[in-house]
Amino acid sequence: MNRVKGKIAIVTGGSMGIGKACCLMLAAEGAHVAVMDVVDAEGRAVVDDIQQHGGIAEYWHLDVGDELQVQSAFAEVAKKFGGIHILVNNAGISGTDKPTHELTLDEWNQVMRVNVQGVFLCTKHAIPYLKQKGGSIINLSSIYGLIGAGDVPPYHASKGAVRLMTKNDALIYAKDNIRVNSIHPGFIWTPMVENYLKSHGEIEAGKKAVAALHPLQKIGDPDDIAYGVLYLASDESQFVTGSELVIDGGYTAR
Ligand SMILES: NC(=O)c1ccc[n+]([C@@H]2O[C@H](COP(=O)([O-])OP(=O)(O)OC[C@H]3O[C@@H](n4cnc5c(N)ncnc54)[C@H](O)[C@@H]3O)[C@@H](O)[C@H]2O)c1
C-alpha cells in the first residue's frame, strides 16, 4: 500500500491491457490516476473499478497523437488534481505486419503517429507540470526496441525510437529532478497480443509457440509490467534514470 501515495499519475492507453493494470496498481498504491484512452467505455469501467475500491481516478478521452487534445487534457488533470508527478506513456499499436518493401507510407505513419509522436507530445506537455514538483516518466518500449524479430518493421522502428528518446530526455531533464526510464516487455497477454495471434492463425497453438520463445516458457501478465511501472513511478527508484527495465521472461538474455 501507499508506495505512490498522493502522487498524480497519467496513464495513456489506460483502458485495456498493460495500461489498465498500471492504472489499477498505481491507484491501489495511493496515486490519483488520470486514465486516458480512445476507447471510452472500457476506460470509464477502469475508473469505476478504482473508485469502488476506494481509489481516486478520472477518465479523459485522449488520442495521444493529437497535440491539442494532449495539451488540454493535461491542463485539466493539473487543475483538477493539483499537478502531475507521473506520466506513463503506454498507448501503443502494433501496426501492419508486412515486410518493409510491401509497407505503404500510411501504414508506416500510422504506427509512428501513436508510438513515437504520442510519446513526444505527452512528454512535451507533461514536462511543464513535472518541473514544478519533480517526477517520473515511464515509456513503454518493447523487446522489439532492443532486438529484431524479423516482423512488424514500423513497430520495431517506433520502439527503438522510444528507447533512445527516453535516454536523451533523462539527460535533458535530470536537472529538473524528472526521471525518464523505459520498460521493455516480452510478450504479455493483452488484447494487442490476442489480436495479433488471431490474425496469424489458431490462437491456442499461437499462444504455445509464443510462450516457447521465452526461456521461462510462458507469456507474461499485465501485472508483471505494472509492478515495474510502480517501482519506476515511486520514490524507491529515485536514483534511477535513463535506464531500460527489461521484463521479458529471459527473451533477450540469449
Ligand atoms: N502486450 C505485449 O506483449 C507488449 C510487449 C511489448 C510492449 N508492449 C507495449 O505496451 C503498451 C501497451 O500494450 P498492450 O499490449 O496493453 O496493448 P493493447 O492494445 O492491449 O492496449 C493498448 C491501449 O492503448 C490504446 N490506444 C491505442 N491507440 C491510442 C491512441 N492513439 N491514443 C490513446 N490510446 C490509444 C488502446 O485503445 C488500448 O486501450 C504498448 O505501447 C505496447 O507497444 C506490449
Side-chain angles (χ1 to χ4, degrees), residues 10-25 34-47 59-70 73-74 87-95 97 109-122 125 137-147 149 151-152 154-163 165-166 182-200 206-207 209-211 213-214 218-226 228-229 244-249 251-252:
I10 291 175
V11 180
T12 67
S15 293
M16 287 189 271
I18 291 169
K20 174 181 175 182
C22 293
C23 291
L24 297 176
M25 199 175 284
V35 181
M36 299 196 178
D37 207 296
V38 287
V39 178
D40 300 332
E42 285 83 347
R44 293 205 173 92
V46 173
V47 168
Y59 179 74
W60 275 265
H61 178 92
L62 177 78
D63 171 2
V64 293
D66 182 324
E67 182 157 21
L68 289 179
Q69 280 187 31
V70 172
F74 284 25
L87 169 64
V88 184
N89 277 317
N90 166 78
I93 57 173
S94 53
D97 186 13
N109 286 338
Q110 196 189 13
V111 176
M112 293 303 152
R113 183 181 177 280
V114 179
N115 294 9
V116 180
Q117 183 175 317
V119 172
F120 158 59
L121 292 175
C122 291
H125 289 287
I137 299 176
I138 299 132
N139 293 329
L140 268 289
S141 177
S142 169
I143 48 173
Y144 284 12
L146 299 172
I147 56 165
D151 58 8
V152 282
Y155 187 78
H156 277 83
S158 71
K159 294 301 181 181
V162 168
R163 172 178 176 269
M165 287 159 76
T166 301
S182 56
I183 294 193
H184 301 261
F187 282 82
I188 307 298
W189 190 247
T190 67
M192 178 185 278
V193 169
E194 192 172 353
N195 293 334
Y196 178 83
L197 291 182
K198 270 185 196 152
S199 70
H200 282 71
K207 260 176 113 168
V210 167
L213 296 171
H214 303 77
K218 57 184 174 188
I219 296 178
D221 294 325
D223 275 354
D224 293 328
I225 306 307
V229 168
E244 43 195 64
L245 177 55
V246 179
I247 306 176
D248 71 348
Y251 189 111
T252 56

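Both counts, for ligands and for their atoms, begin at 1 and track the order of listing.
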Inset, instruction - Name all residues meeting the salt bridge (Lys or Arg N to Asp or Glu O under 4.0 Å) criterion together with K218; count only those two or more places apart in sequence or in a different chain, and write none if there are none. - result: none

Legend entry - Non-hydrogen atoms of P154 and M112 that approach each other most closely: O-CE, 3.4 Å

Legend entry - Amino acids contacting ligand 1, non-hydrogen cut-off under 4.0 Å: G13, S15, M16, G17, I18, D37, V38, V39, L62, D63, V64, N90, A91, G92, I93, V114, L140, S141, S142, Y155, K159, P185, G186, F187, I188, T190, P191, M192, V193

Inset, instruction - Can you spot which of I138, V162, T166, V246 makes a side chain to side chain contact (heavy atoms under 4.5 Å, CB included) with I183? - result: I138

Legend entry - salt bridge (Lys or Arg N to Asp or Glu O under 4.0 Å) contacts touching residues 185-196 (sequence neighbours left out): E194-K198

Legend entry - ring-ring contact (aromatic ring centres under 6.0 Å, His included) partners for H200, two or more places apart: Y196

Inset, instruction - Could you grab the distance from atom CD1 of I137 to atom CG of L87, nearest 0.5 Å is fine? - result: 5.5 Å

